[in-house]
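Chain letters run A, B, ... following the sequence lines, proteins first and then strands; every chain starts at 1.
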There are 2 protein chains.
Amino acid sequence: MPSTPKKSAPLAAEPKTLVESAYRGLRRDIIEGHLAPGEKLRVEHLKENYGVGAGTLREALSLLIADALVVSQGQRGFRVAPVSLEDIADITNTRVMLECEALRQSIELGDDAWEGALLSAFHRLSKAEEKLGDPRTREEWEERNRLFHEVLISACPSRWIKHFLAILYHQAERYRRLSLYLQPIPRDVHGEHEALFKATMARDKEKASAIMAEHILTTLRSIQIIPAELLNKKSPEPASQSQG
Amino acid sequence: MPSTPKKSAPLAAEPKTLVESAYRGLRRDIIEGHLAPGEKLRVEHLKENYGVGAGTLREALSLLIADALVVSQGQRGFRVAPVSLEDIADITNTRVMLECEALRQSIELGDDAWEGALLSAFHRLSKAEEKLGDPRTREEWEERNRLFHEVLISACPSRWIKHFLAILYHQAERYRRLSLYLQPIPRDVHGEHEALFKATMARDKEKASAIMAEHILTTLRSIQIIPAELLNKKSPEPASQSQG
DNA sequence: ATTTATAAAAATCTCGAGAAAAGTTATTGA
DNA sequence: TCAATAACTTTTCTCGAGATTTTTATAAAT
(Lines give C-alpha, C1' and ligand atoms only; values in the text may rest on other atoms or scores of the structure.)
Protein backbone atom coordinates (compact mmCIF):
# COMPACT_ATOMS: atom_id res chain seq x y z
CA MET A 1 0.00 0.00 0.00
CA PRO A 2 1.09 3.57 -0.55
CA SER A 3 2.97 4.82 2.46
CA THR A 4 1.62 8.32 1.97
CA PRO A 5 -1.89 9.18 0.88
CA LYS A 6 -0.60 11.73 -1.60
CA LYS A 7 -0.21 9.92 -4.90
CA SER A 8 -0.55 6.53 -6.45
CA ALA A 9 3.18 5.91 -6.45
CA PRO A 10 4.31 3.29 -3.95
CA LEU A 11 6.78 5.63 -2.36
CA ALA A 12 6.78 9.16 -1.00
CA ALA A 13 6.07 12.02 -3.33
CA GLU A 14 9.20 14.01 -4.13
CA PRO A 15 12.63 12.55 -4.70
CA LYS A 16 14.28 13.63 -1.48
CA THR A 17 16.66 10.70 -1.31
CA LEU A 18 18.96 9.36 -4.00
CA VAL A 19 17.29 5.97 -3.72
CA GLU A 20 14.03 7.47 -4.80
CA SER A 21 15.61 9.48 -7.55
CA ALA A 22 17.13 6.32 -8.99
CA TYR A 23 13.83 4.50 -8.49
CA ARG A 24 12.00 7.12 -10.50
CA GLY A 25 14.53 7.19 -13.29
CA LEU A 26 14.60 3.44 -13.58
CA ARG A 27 10.83 3.15 -13.54
CA ARG A 28 10.54 5.76 -16.25
CA ASP A 29 13.14 4.09 -18.43
CA ILE A 30 11.51 0.69 -18.05
CA ILE A 31 7.99 1.91 -18.77
CA GLU A 32 9.12 4.00 -21.72
CA GLY A 33 11.05 1.07 -23.12
CA HIS A 34 14.57 2.51 -22.94
CA LEU A 35 15.39 -0.53 -20.87
CA ALA A 36 14.11 -3.47 -22.88
CA PRO A 37 12.05 -6.32 -21.39
CA GLY A 38 14.22 -9.18 -20.17
CA GLU A 39 17.35 -7.05 -20.30
CA LYS A 40 19.95 -7.65 -17.64
CA LEU A 41 20.41 -4.82 -15.18
CA ARG A 42 24.08 -4.74 -14.22
CA VAL A 43 24.51 -2.70 -11.12
CA GLU A 44 28.10 -1.68 -11.81
CA HIS A 45 27.15 -0.25 -15.21
CA LEU A 46 23.84 1.32 -14.28
CA LYS A 47 25.14 3.19 -11.27
CA GLU A 48 26.97 5.59 -13.54
CA ASN A 49 23.85 6.33 -15.59
CA TYR A 50 21.91 7.36 -12.52
CA GLY A 51 24.76 8.86 -10.55
CA VAL A 52 24.44 6.73 -7.41
CA GLY A 53 26.42 4.07 -5.59
CA ALA A 54 26.00 0.35 -5.98
CA GLY A 55 24.08 -0.20 -2.75
CA THR A 56 21.75 2.65 -3.50
CA LEU A 57 20.96 1.31 -6.93
CA ARG A 58 20.33 -2.16 -5.55
CA GLU A 59 17.84 -0.65 -3.15
CA ALA A 60 16.05 1.15 -5.96
CA LEU A 61 15.87 -2.09 -7.91
CA SER A 62 14.42 -3.86 -4.88
CA LEU A 63 11.73 -1.21 -4.76
CA LEU A 64 10.87 -1.85 -8.39
CA ILE A 65 10.15 -5.48 -7.61
CA ALA A 66 7.06 -4.24 -5.80
CA ASP A 67 5.78 -2.84 -9.10
CA ALA A 68 6.70 -6.08 -10.88
CA LEU A 69 8.79 -4.10 -13.31
CA VAL A 70 11.99 -5.82 -12.20
CA VAL A 71 12.62 -9.44 -11.29
CA SER A 72 15.53 -10.93 -9.41
CA GLN A 73 16.65 -14.50 -9.12
CA GLY A 74 18.85 -15.82 -6.40
CA GLN A 75 22.43 -14.94 -6.99
CA ARG A 76 22.00 -13.96 -10.60
CA GLY A 77 21.18 -10.29 -10.35
CA PHE A 78 18.29 -8.22 -11.64
CA ARG A 79 16.44 -8.14 -14.96
CA VAL A 80 13.75 -6.02 -16.49
CA ALA A 81 10.48 -7.95 -16.16
CA PRO A 82 9.77 -9.90 -19.35
CA VAL A 83 6.69 -9.38 -21.46
CA SER A 84 4.30 -11.81 -23.11
CA LEU A 85 0.92 -11.89 -24.74
CA GLU A 86 -0.51 -13.96 -21.90
CA ASP A 87 0.71 -11.36 -19.47
CA ILE A 88 -0.91 -8.37 -21.13
CA ALA A 89 -4.15 -10.32 -21.44
CA ASP A 90 -3.99 -11.19 -17.77
CA ILE A 91 -3.21 -7.62 -16.80
CA THR A 92 -6.13 -6.36 -18.82
CA ASN A 93 -8.64 -8.87 -17.51
CA THR A 94 -7.63 -8.29 -13.92
CA ARG A 95 -7.78 -4.58 -14.45
CA VAL A 96 -11.25 -4.82 -15.93
CA MET A 97 -12.49 -6.67 -12.89
CA LEU A 98 -10.94 -4.31 -10.37
CA GLU A 99 -11.64 -1.08 -12.17
CA CYS A 100 -15.28 -1.96 -12.82
CA GLU A 101 -15.80 -2.82 -9.20
CA ALA A 102 -14.07 0.38 -8.12
CA LEU A 103 -16.22 2.37 -10.49
CA ARG A 104 -19.40 0.84 -9.13
CA GLN A 105 -18.42 1.71 -5.60
CA SER A 106 -17.35 5.17 -6.66
CA ILE A 107 -20.71 5.84 -8.32
CA GLU A 108 -22.45 4.51 -5.25
CA LEU A 109 -20.56 6.68 -2.79
CA GLY A 110 -19.37 9.72 -4.73
CA ASP A 111 -20.52 13.11 -3.46
CA ASP A 112 -20.85 16.52 -5.08
CA ALA A 113 -17.16 17.28 -4.80
CA TRP A 114 -16.43 14.06 -6.65
CA GLU A 115 -18.84 14.99 -9.41
CA GLY A 116 -17.15 18.34 -9.70
CA ALA A 117 -13.70 16.84 -9.93
CA LEU A 118 -14.91 14.38 -12.54
CA LEU A 119 -16.47 17.14 -14.61
CA SER A 120 -13.20 19.02 -14.50
CA ALA A 121 -11.08 16.02 -15.40
CA PHE A 122 -13.34 15.13 -18.30
CA HIS A 123 -13.22 18.68 -19.61
CA ARG A 124 -9.46 18.75 -19.55
CA LEU A 125 -9.24 15.38 -21.22
CA SER A 126 -11.65 16.47 -23.94
CA LYS A 127 -9.58 19.53 -24.66
CA ALA A 128 -6.49 17.40 -25.00
CA GLU A 129 -8.31 14.99 -27.30
CA GLU A 130 -9.33 17.78 -29.65
CA LYS A 131 -5.75 18.47 -30.60
CA LEU A 132 -4.52 14.91 -30.84
CA GLY A 133 -2.26 13.98 -33.70
CA ASP A 134 0.39 16.44 -32.72
CA PRO A 135 2.95 14.21 -31.05
CA ARG A 136 3.94 17.03 -28.73
CA THR A 137 0.56 16.86 -27.02
CA ARG A 138 0.74 13.11 -26.52
CA GLU A 139 2.34 13.28 -23.10
CA GLU A 140 -0.28 15.76 -22.02
CA TRP A 141 -3.07 13.51 -23.21
CA GLU A 142 -1.41 10.55 -21.47
CA GLU A 143 -1.37 12.41 -18.18
CA ARG A 144 -4.93 13.69 -18.44
CA ASN A 145 -6.19 10.26 -19.43
CA ARG A 146 -4.54 8.80 -16.35
CA LEU A 147 -6.08 11.49 -14.20
CA PHE A 148 -9.56 10.97 -15.66
CA HIS A 149 -9.44 7.29 -14.81
CA GLU A 150 -8.09 8.08 -11.37
CA VAL A 151 -10.86 10.54 -10.59
CA LEU A 152 -13.50 8.14 -11.86
CA ILE A 153 -12.67 5.66 -9.14
CA SER A 154 -11.50 8.14 -6.52
CA ALA A 155 -14.70 7.82 -4.48
CA CYS A 156 -14.11 4.12 -4.04
CA PRO A 157 -13.07 3.71 -0.40
CA SER A 158 -10.87 0.65 -0.91
CA ARG A 159 -7.21 1.56 -0.71
CA TRP A 160 -6.21 -1.95 -1.71
CA ILE A 161 -8.16 -1.98 -4.93
CA LYS A 162 -6.67 1.36 -5.85
CA HIS A 163 -3.20 0.15 -4.93
CA PHE A 164 -3.50 -2.89 -7.18
CA LEU A 165 -4.96 -0.79 -9.96
CA ALA A 166 -2.02 1.59 -9.79
CA ILE A 167 0.36 -1.32 -10.30
CA LEU A 168 -1.65 -2.68 -13.20
CA TYR A 169 -1.90 0.75 -14.79
CA HIS A 170 1.87 1.06 -14.89
CA GLN A 171 2.16 -2.40 -16.36
CA ALA A 172 -0.41 -1.65 -19.04
CA GLU A 173 1.27 1.64 -19.82
CA ARG A 174 4.50 -0.17 -20.58
CA TYR A 175 2.79 -2.48 -23.04
CA ARG A 176 0.97 0.42 -24.58
CA ARG A 177 4.23 2.26 -25.22
CA LEU A 178 5.82 -0.84 -26.69
CA SER A 179 3.10 -1.00 -29.33
CA LEU A 180 2.89 2.74 -29.79
CA TYR A 181 5.15 2.70 -32.79
CA LEU A 182 2.54 0.75 -34.68
CA GLN A 183 -0.56 2.64 -33.65
CA PRO A 184 0.40 6.26 -33.09
CA ILE A 185 -3.17 7.51 -32.76
CA PRO A 186 -5.88 5.71 -30.83
CA ARG A 187 -9.28 4.86 -32.27
CA ASP A 188 -12.41 6.85 -31.36
CA VAL A 189 -11.34 7.07 -27.79
CA HIS A 190 -13.14 10.32 -27.16
CA GLY A 191 -16.52 8.78 -27.86
CA GLU A 192 -15.79 6.03 -25.37
CA HIS A 193 -14.70 8.51 -22.74
CA GLU A 194 -17.79 10.61 -23.29
CA ALA A 195 -20.11 7.63 -22.94
CA LEU A 196 -18.27 6.59 -19.82
CA PHE A 197 -18.52 10.07 -18.40
CA LYS A 198 -22.24 10.40 -19.09
CA ALA A 199 -23.17 7.02 -17.67
CA THR A 200 -21.17 7.80 -14.55
CA MET A 201 -22.77 11.19 -14.03
CA ALA A 202 -26.16 9.55 -14.51
CA ARG A 203 -25.20 7.18 -11.69
CA ASP A 204 -25.87 4.18 -13.89
CA LYS A 205 -23.54 1.67 -12.30
CA GLU A 206 -24.06 -1.25 -14.62
CA LYS A 207 -23.94 0.75 -17.80
CA ALA A 208 -20.85 2.64 -16.72
CA SER A 209 -18.95 -0.46 -15.73
CA ALA A 210 -19.94 -2.19 -18.96
CA ILE A 211 -18.56 0.71 -20.96
CA MET A 212 -15.44 0.72 -18.82
CA ALA A 213 -14.88 -2.98 -19.47
CA GLU A 214 -15.28 -2.54 -23.19
CA HIS A 215 -13.02 0.51 -23.11
CA ILE A 216 -10.15 -1.32 -21.43
CA LEU A 217 -10.58 -4.42 -23.56
CA THR A 218 -10.50 -2.36 -26.75
CA THR A 219 -7.18 -0.95 -25.67
CA LEU A 220 -5.91 -4.49 -25.26
CA ARG A 221 -6.95 -5.45 -28.78
CA SER A 222 -5.11 -2.48 -30.26
CA ILE A 223 -1.99 -3.53 -28.37
CA GLN A 224 -1.83 -7.21 -29.05
CA ILE A 225 0.38 -6.90 -32.09
CA ILE A 226 3.84 -6.13 -30.85
CA PRO A 227 6.88 -6.32 -33.13
CA ALA A 228 9.08 -9.24 -32.22
CA GLU A 229 12.27 -7.22 -32.01
CA LEU A 230 10.87 -5.32 -29.05
CA LEU A 231 10.39 -8.44 -26.97
CA ASN A 232 12.54 -9.83 -24.19
CA LYS A 233 16.06 -8.79 -24.97
CA LYS A 234 18.15 -11.47 -23.30
CA SER A 235 21.52 -10.36 -24.58
CA PRO A 236 23.37 -7.74 -22.57
CA GLU A 237 23.24 -5.08 -25.28
CA PRO A 238 23.92 -1.75 -23.57
CA ALA A 239 21.03 0.66 -23.93
CA SER A 240 21.21 4.39 -23.29
CA GLN A 241 18.95 5.72 -20.57
CA SER A 242 17.73 9.08 -19.57
CA GLN A 243 19.03 10.72 -16.44
CA GLY A 244 16.95 11.83 -13.47
CA MET B 1 4.51 -10.85 -9.89
CA PRO B 2 6.50 -13.72 -8.58
CA SER B 3 9.85 -13.91 -10.28
CA THR B 4 9.80 -17.69 -10.09
CA PRO B 5 6.78 -19.89 -10.64
CA LYS B 6 7.67 -21.98 -7.64
CA LYS B 7 5.91 -20.42 -4.67
CA SER B 8 3.75 -17.50 -3.77
CA ALA B 9 6.61 -15.57 -2.21
CA PRO B 10 7.77 -12.55 -4.20
CA LEU B 11 11.34 -13.74 -4.22
CA ALA B 12 13.19 -16.92 -5.05
CA ALA B 13 12.58 -20.03 -3.04
CA GLU B 14 15.45 -20.78 -0.71
CA PRO B 15 17.43 -18.24 1.22
CA LYS B 16 20.63 -18.34 -0.78
CA THR B 17 21.54 -14.75 -0.12
CA LEU B 18 21.70 -12.92 3.16
CA VAL B 19 19.24 -10.37 1.84
CA GLU B 20 16.64 -13.05 1.47
CA SER B 21 17.42 -14.60 4.82
CA ALA B 22 16.86 -11.24 6.48
CA TYR B 23 13.74 -10.72 4.38
CA ARG B 24 12.29 -14.00 5.58
CA GLY B 25 13.12 -13.40 9.19
CA LEU B 26 11.67 -9.92 9.16
CA ARG B 27 8.52 -11.03 7.40
CA ARG B 28 8.02 -13.79 9.89
CA ASP B 29 8.53 -11.51 12.85
CA ILE B 30 6.12 -8.94 11.48
CA ILE B 31 3.39 -11.43 10.63
CA GLU B 32 3.74 -13.20 13.95
CA GLY B 33 3.62 -9.91 15.80
CA HIS B 34 7.08 -9.93 17.36
CA LEU B 35 7.57 -6.63 15.62
CA ALA B 36 4.53 -4.58 16.56
CA PRO B 37 2.48 -2.56 14.05
CA GLY B 38 3.74 1.00 13.70
CA GLU B 39 7.02 0.16 15.41
CA LYS B 40 10.11 1.91 14.18
CA LEU B 41 12.64 -0.30 12.46
CA ARG B 42 16.08 1.07 13.27
CA VAL B 43 18.59 -0.39 10.91
CA GLU B 44 21.53 -0.08 13.26
CA HIS B 45 19.76 -2.06 15.97
CA LEU B 46 18.08 -4.63 13.78
CA LYS B 47 21.18 -5.63 11.86
CA GLU B 48 22.51 -7.37 14.94
CA ASN B 49 19.32 -9.40 15.38
CA TYR B 50 19.52 -10.79 11.89
CA GLY B 51 23.27 -10.94 11.56
CA VAL B 52 23.65 -8.81 8.45
CA GLY B 53 25.11 -5.45 7.48
CA ALA B 54 23.23 -2.19 7.28
CA GLY B 55 22.94 -2.07 3.52
CA THR B 56 21.74 -5.65 3.37
CA LEU B 57 19.05 -5.01 5.94
CA ARG B 58 17.88 -1.90 4.12
CA GLU B 59 17.51 -3.99 1.01
CA ALA B 60 15.46 -6.59 2.85
CA LEU B 61 13.23 -3.84 4.20
CA SER B 62 12.77 -2.46 0.69
CA LEU B 63 11.61 -5.88 -0.40
CA LEU B 64 9.05 -5.94 2.39
CA ILE B 65 7.47 -2.77 1.04
CA ALA B 66 6.23 -4.89 -1.85
CA ASP B 67 4.22 -6.95 0.62
CA ALA B 68 2.97 -3.79 2.33
CA LEU B 69 4.30 -5.08 5.61
CA VAL B 70 6.76 -2.21 5.91
CA VAL B 71 6.35 1.46 5.07
CA SER B 72 9.01 4.09 4.57
CA GLN B 73 8.70 7.83 4.52
CA GLY B 74 11.24 10.13 2.98
CA GLN B 75 14.20 10.57 5.21
CA ARG B 76 12.56 9.14 8.29
CA GLY B 77 13.41 5.48 8.01
CA PHE B 78 11.25 2.38 8.05
CA ARG B 79 8.28 1.33 10.17
CA VAL B 80 6.18 -1.77 10.49
CA ALA B 81 2.97 -1.15 8.55
CA PRO B 82 0.24 0.13 10.88
CA VAL B 83 -3.03 -1.71 11.42
CA SER B 84 -6.61 -0.46 11.58
CA LEU B 85 -10.14 -1.78 11.49
CA GLU B 86 -10.77 -0.12 8.14
CA ASP B 87 -7.72 -1.86 6.77
CA ILE B 88 -8.69 -5.37 7.78
CA ALA B 89 -12.18 -4.79 6.44
CA ASP B 90 -10.71 -3.58 3.17
CA ILE B 91 -8.34 -6.51 2.98
CA THR B 92 -11.16 -8.94 3.58
CA ASN B 93 -13.54 -7.43 1.06
CA THR B 94 -10.89 -7.27 -1.62
CA ARG B 95 -9.87 -10.80 -0.87
CA VAL B 96 -13.45 -11.99 -1.14
CA MET B 97 -13.79 -10.45 -4.57
CA LEU B 98 -10.52 -11.84 -5.91
CA GLU B 99 -10.70 -15.27 -4.33
CA CYS B 100 -14.29 -15.85 -5.45
CA GLU B 101 -13.39 -14.91 -8.99
CA ALA B 102 -10.33 -17.14 -8.89
CA LEU B 103 -12.41 -19.99 -7.55
CA ARG B 104 -14.97 -19.62 -10.32
CA GLN B 105 -12.25 -19.76 -12.95
CA SER B 106 -10.59 -22.65 -11.20
CA ILE B 107 -13.82 -24.66 -11.17
CA GLU B 108 -14.34 -23.81 -14.80
CA LEU B 109 -10.89 -24.88 -15.93
CA GLY B 110 -9.67 -27.42 -13.39
CA ASP B 111 -8.79 -30.86 -14.72
CA ASP B 112 -8.52 -34.27 -13.11
CA ALA B 113 -5.11 -33.59 -11.63
CA TRP B 114 -6.53 -30.52 -9.96
CA GLU B 115 -9.41 -32.53 -8.50
CA GLY B 116 -6.93 -35.02 -7.17
CA ALA B 117 -4.77 -32.37 -5.56
CA LEU B 118 -7.83 -30.78 -4.02
CA LEU B 119 -9.01 -34.07 -2.61
CA SER B 120 -5.61 -34.62 -1.08
CA ALA B 121 -5.40 -31.13 0.40
CA PHE B 122 -8.87 -31.41 1.89
CA HIS B 123 -8.05 -34.75 3.43
CA ARG B 124 -4.92 -33.43 5.06
CA LEU B 125 -6.75 -30.38 6.34
CA SER B 126 -9.53 -32.52 7.78
CA LYS B 127 -7.03 -34.66 9.64
CA ALA B 128 -5.45 -31.57 11.11
CA GLU B 129 -8.84 -30.22 12.13
CA GLU B 130 -9.70 -33.39 14.04
CA LYS B 131 -6.95 -32.80 16.54
CA LEU B 132 -7.37 -29.07 16.96
CA GLY B 133 -7.17 -27.62 20.42
CA ASP B 134 -3.67 -28.81 20.97
CA PRO B 135 -1.64 -25.64 20.42
CA ARG B 136 1.24 -27.71 19.08
CA THR B 137 -0.81 -28.65 16.04
CA ARG B 138 -1.82 -25.08 15.32
CA GLU B 139 1.09 -24.34 13.00
CA GLU B 140 0.34 -27.50 11.10
CA TRP B 141 -3.30 -26.56 10.69
CA GLU B 142 -2.26 -23.07 9.63
CA GLU B 143 -0.06 -24.47 6.87
CA ARG B 144 -2.61 -26.99 5.62
CA ASN B 145 -5.34 -24.38 5.64
CA ARG B 146 -3.17 -22.14 3.50
CA LEU B 147 -2.46 -24.99 1.14
CA PHE B 148 -6.13 -25.93 0.84
CA HIS B 149 -7.02 -22.42 -0.20
CA GLU B 150 -4.08 -22.35 -2.58
CA VAL B 151 -5.07 -25.58 -4.28
CA LEU B 152 -8.69 -24.43 -4.56
CA ILE B 153 -7.69 -21.59 -6.84
CA SER B 154 -4.65 -23.23 -8.41
CA ALA B 155 -6.45 -23.92 -11.69
CA CYS B 156 -7.15 -20.23 -12.16
CA PRO B 157 -4.82 -19.14 -14.97
CA SER B 158 -4.40 -15.55 -13.82
CA ARG B 159 -0.98 -15.01 -12.28
CA TRP B 160 -1.91 -11.50 -11.26
CA ILE B 161 -4.97 -12.49 -9.28
CA LYS B 162 -2.93 -15.10 -7.47
CA HIS B 163 -0.15 -12.63 -6.86
CA PHE B 164 -2.52 -10.13 -5.26
CA LEU B 165 -4.18 -12.86 -3.25
CA ALA B 166 -0.82 -13.97 -1.88
CA ILE B 167 -0.19 -10.46 -0.61
CA LEU B 168 -3.64 -10.20 0.93
CA TYR B 169 -3.28 -13.60 2.55
CA HIS B 170 -0.15 -12.51 4.37
CA GLN B 171 -1.85 -9.35 5.47
CA ALA B 172 -4.87 -11.24 6.77
CA GLU B 173 -2.65 -13.72 8.53
CA ARG B 174 -1.02 -10.93 10.49
CA TYR B 175 -4.38 -9.65 11.69
CA ARG B 176 -5.48 -13.14 12.52
CA ARG B 177 -2.45 -13.69 14.70
CA LEU B 178 -2.94 -10.37 16.44
CA SER B 179 -6.40 -11.45 17.55
CA LEU B 180 -5.40 -15.02 18.22
CA TYR B 181 -4.95 -14.41 21.90
CA LEU B 182 -8.65 -13.77 22.21
CA GLN B 183 -9.95 -16.58 20.06
CA PRO B 184 -7.58 -19.49 20.38
CA ILE B 185 -9.86 -21.94 18.57
CA PRO B 186 -11.87 -21.08 15.48
CA ARG B 187 -15.62 -21.68 15.18
CA ASP B 188 -17.02 -24.57 13.17
CA VAL B 189 -14.45 -24.07 10.48
CA HIS B 190 -14.44 -27.67 9.41
CA GLY B 191 -18.07 -27.58 8.37
CA GLU B 192 -17.38 -24.55 6.24
CA HIS B 193 -14.41 -26.19 4.62
CA GLU B 194 -16.39 -29.32 3.91
CA ALA B 195 -19.23 -27.40 2.28
CA LEU B 196 -16.71 -25.47 0.25
CA PHE B 197 -15.00 -28.65 -0.82
CA LYS B 198 -18.22 -30.40 -1.84
CA ALA B 199 -19.57 -27.48 -3.83
CA THR B 200 -16.27 -27.19 -5.64
CA MET B 201 -16.07 -30.87 -6.50
CA ALA B 202 -19.67 -30.65 -7.74
CA ARG B 203 -18.47 -27.85 -10.05
CA ASP B 204 -21.12 -25.52 -8.69
CA LYS B 205 -19.43 -22.19 -9.29
CA GLU B 206 -21.98 -19.89 -7.72
CA LYS B 207 -22.57 -21.98 -4.65
CA ALA B 208 -18.87 -22.49 -4.05
CA SER B 209 -18.02 -18.82 -4.37
CA ALA B 210 -20.93 -17.90 -2.10
CA ILE B 211 -19.62 -20.26 0.57
CA MET B 212 -16.12 -18.93 0.05
CA ALA B 213 -17.32 -15.35 0.54
CA GLU B 214 -19.16 -16.24 3.71
CA HIS B 215 -16.16 -18.21 4.94
CA ILE B 216 -13.75 -15.32 4.56
CA LEU B 217 -16.19 -12.80 5.98
CA THR B 218 -16.80 -14.97 9.04
CA THR B 219 -13.09 -14.94 9.70
CA LEU B 220 -13.20 -11.16 9.56
CA ARG B 221 -15.96 -10.98 12.15
CA SER B 222 -14.05 -13.17 14.54
CA ILE B 223 -11.06 -10.88 14.17
CA GLN B 224 -12.56 -7.49 14.50
CA ILE B 225 -12.04 -7.22 18.20
CA ILE B 226 -8.39 -6.56 18.76
CA PRO B 227 -7.04 -5.45 22.13
CA ALA B 228 -5.92 -1.86 22.01
CA GLU B 229 -2.49 -2.55 23.48
CA LEU B 230 -1.60 -4.55 20.41
CA LEU B 231 -2.18 -1.68 18.03
CA ASN B 232 0.32 0.65 16.43
CA LYS B 233 3.20 0.92 18.81
CA LYS B 234 4.66 4.33 18.03
CA SER B 235 7.21 4.45 20.80
CA PRO B 236 10.59 2.89 20.08
CA GLU B 237 10.20 0.15 22.67
CA PRO B 238 12.75 -2.52 21.83
CA ALA B 239 11.14 -5.87 21.07
CA SER B 240 12.96 -9.17 20.95
CA GLN B 241 12.86 -10.98 17.66
CA SER B 242 13.58 -14.45 16.52
CA GLN B 243 16.66 -15.19 14.54
CA GLY B 244 16.74 -16.62 11.02
C1' DA C 1 33.55 -33.37 -32.89
C1' DT C 2 31.52 -33.41 -28.53
C1' DT C 3 32.18 -33.38 -23.77
C1' DT C 4 34.67 -32.52 -19.49
C1' DA C 5 37.84 -30.08 -16.65
C1' DT C 6 40.47 -26.05 -15.54
C1' DA C 7 41.46 -21.23 -15.27
C1' DA C 8 40.50 -16.41 -15.99
C1' DA C 9 37.07 -12.70 -16.00
C1' DA C 10 33.03 -10.39 -14.71
C1' DA C 11 29.30 -9.57 -11.81
C1' DT C 12 26.91 -10.06 -7.64
C1' DC C 13 26.65 -9.78 -2.85
C1' DT C 14 28.27 -7.96 1.49
C1' DC C 15 30.26 -4.99 5.01
C1' DG C 16 32.01 -0.97 7.66
C1' DA C 17 32.90 3.89 7.79
C1' DG C 18 31.80 8.71 6.69
C1' DA C 19 28.32 12.71 5.40
C1' DA C 20 23.63 14.50 5.92
C1' DA C 21 19.41 14.80 8.13
C1' DA C 22 16.17 14.31 11.93
C1' DG C 23 15.15 14.24 16.70
C1' DT C 24 16.36 15.64 21.53
C1' DT C 25 17.93 18.24 25.24
C1' DA C 26 19.64 22.40 27.26
C1' DT C 27 19.96 27.25 27.34
C1' DT C 28 18.50 31.95 26.68
C1' DG C 29 15.18 35.69 26.58
C1' DA C 30 10.62 37.67 27.24
C1' DT D 1 6.03 29.96 32.73
C1' DC D 2 6.49 29.59 27.97
C1' DA D 3 8.53 30.10 23.31
C1' DA D 4 12.54 30.16 20.46
C1' DT D 5 17.23 29.24 19.53
C1' DA D 6 21.39 26.49 19.77
C1' DA D 7 24.24 22.63 20.70
C1' DC D 8 24.20 17.74 21.02
C1' DT D 9 22.84 12.90 20.07
C1' DT D 10 20.88 9.57 17.38
C1' DT D 11 19.64 7.66 13.00
C1' DT D 12 19.36 7.55 8.26
C1' DC D 13 21.50 7.65 3.91
C1' DT D 14 25.42 6.96 0.92
C1' DC D 15 29.68 5.32 -0.97
C1' DG D 16 33.82 2.48 -2.12
C1' DA D 17 36.34 -1.72 -1.42
C1' DG D 18 36.69 -6.76 -0.52
C1' DA D 19 34.76 -11.71 -0.54
C1' DT D 20 31.70 -15.26 -3.20
C1' DT D 21 29.52 -16.76 -6.87
C1' DT D 22 28.39 -17.09 -11.65
C1' DT D 23 29.75 -16.78 -16.32
C1' DT D 24 32.92 -17.03 -20.06
C1' DA D 25 37.01 -18.68 -22.30
C1' DT D 26 40.59 -22.05 -22.99
C1' DA D 27 42.57 -26.48 -23.08
C1' DA D 28 42.50 -31.53 -22.56
C1' DA D 29 40.42 -36.02 -23.20
C1' DT D 30 37.25 -39.54 -24.87
Side-chain angles (χ1 to χ4, degrees), chain A residues 3-4 10-26 35 38-65 70-81 233-239 241 243-244, chain B residues 3-4 10-26 35 38-65 70-81 233-239 241 243-244:
Chain A
S3 52
T4 59
L11 211 66
E14 275 146 45
K16 275 195 153 187
T17 70
L18 284 184
V19 169
E20 187 157 346
S21 165
Y23 166 78
R24 298 256 174 143
L26 278 165
L35 294 167
E39 185 176 339
K40 199 135 186 7
L41 296 169
R42 291 184 185 75
V43 174
E44 292 299 320
H45 295 194
L46 250 51
K47 65 181 219 182
E48 291 163 15
N49 290 323
Y50 298 94
V52 297
T56 304
L57 190 64
R58 284 182 63 83
E59 209 173 306
L61 289 168
S62 299
L63 250 17
L64 280 163
I65 293 179
V70 163
V71 297
S72 88
Q73 40 176 335
Q75 205 108 308
R76 241 161 274 152
F78 300 90
R79 297 190 98 96
V80 179
K233 195 172 294 184
K234 290 270 181 176
S235 53
E237 175 175 346
Q241 306 87 3
Q243 163 76 13
Chain B
S3 52
T4 61
L11 213 64
E14 276 147 42
K16 277 196 153 187
T17 70
L18 285 184
V19 169
E20 186 157 345
S21 165
Y23 166 78
R24 298 254 175 144
L26 278 164
L35 293 167
E39 184 175 341
K40 198 135 185 8
L41 295 169
R42 290 187 187 73
V43 175
E44 292 299 321
H45 294 195
L46 249 53
K47 64 181 216 179
E48 292 163 15
N49 290 323
Y50 298 94
V52 296
T56 303
L57 190 64
R58 284 183 63 83
E59 209 174 305
L61 289 169
S62 299
L63 249 19
L64 280 163
I65 293 179
V70 162
V71 297
S72 87
Q73 40 177 333
Q75 205 108 311
R76 240 161 272 153
F78 300 89
R79 300 191 94 96
V80 179
K233 196 172 291 184
K234 290 273 181 176
S235 53
E237 174 176 346
Q241 306 87 3
Q243 163 77 11

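For the pair B/Y23 OH and C/dT14 P, the computed distance is 16 Å after rounding to whole Å. The interatomic distance linking B/L57 (CG) with C/dC13 (P) rounds to 16 Å, in whole Å. Across the protein-nucleic acid pair, A/E59 atom CD and D/dC13 atom P stand 8 Å apart, rounded to whole Å. Distance CG (A/L61) to P (C/dA11): 15 Å, rounded to an integer number of Å. In this structure, the NZ atom of A/K47 is 11 Å from the P atom of C/dT12, given to the nearest Å. Look at CG on B/L63: it is 11 Å from P on C/dC13, rounded to the nearest Å. Between B/R79 atom CZ and C/dA22 atom P the separation is 15 Å, expressed in whole Å. With rounding to whole Å, A/R58 atom CZ is found 18 Å from D/dC13 atom P.
Among the nucleotides C/dC13, D/dT14, D/dT12, the one closest to the side chain of A/E44 is C/dC13. Distance from the side chain of B/L18 is smallest for C/dC15 among the nucleotides C/dA11, D/dT14, C/dC15. Of all nucleotides listed (C/dA11, D/dC13, D/dT12), D/dC13 comes nearest to the side chain of A/T17.
Between A/V19 and A/E59 the shortest heavy-atom distance is CG2-OE2, 3.8 Å. In terms of heavy atoms, B/K47 sits closest to B/L57 at N-CD2, 3.6 Å. Taking all atoms of both residues into account, the shortest heavy-atom contact from B/R76 to B/K40 is O-NZ, 3.1 Å. The two residues A/G74 and B/T17 come nearest to each other via the heavy atoms O-CG2, 3.7 Å.
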Atom pairs under 3.5 Å: protein N/O with N/O of nucleotides 19-23 of chain D:
from, atom 1, to, atom 2, distance (Å)
D/dT23, OP1, A/R76, NE, 3.4

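Using a 4.0 Å cut-off, no side-chain N or O of B/H45 falls inside it from OP1 or OP2 of D/dT10. The side chain of B/T56 contributes no N or O atom lying less than 4.0 Å from OP1 or OP2 of C/dC13.
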### Task
Show the numbers, then the answer: is there a side-chain contact (heavy atoms from CB on, under 4.5 Å) between A/V43 and A/L61?
CA-CA 9 Å; A/V43 174; A/L61 289 168; 4.2 Å; yes

### Full working for side-chain contact (heavy atoms from CB on, under 4.5 Å) between A/F78 and A/R58
CA-CA 9 Å; A/F78 300 90; A/R58 284 182 63 83; 3.7 Å; yes

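Closest-nucleotide positions on DNA chain D for B/L41 and A/G55 were compared, and the one nearer the 5' end corresponds to B/L41.
Here the side chains of A/L26 and A/L46 are in contact, with some heavy-atom distance below 4.5 Å.
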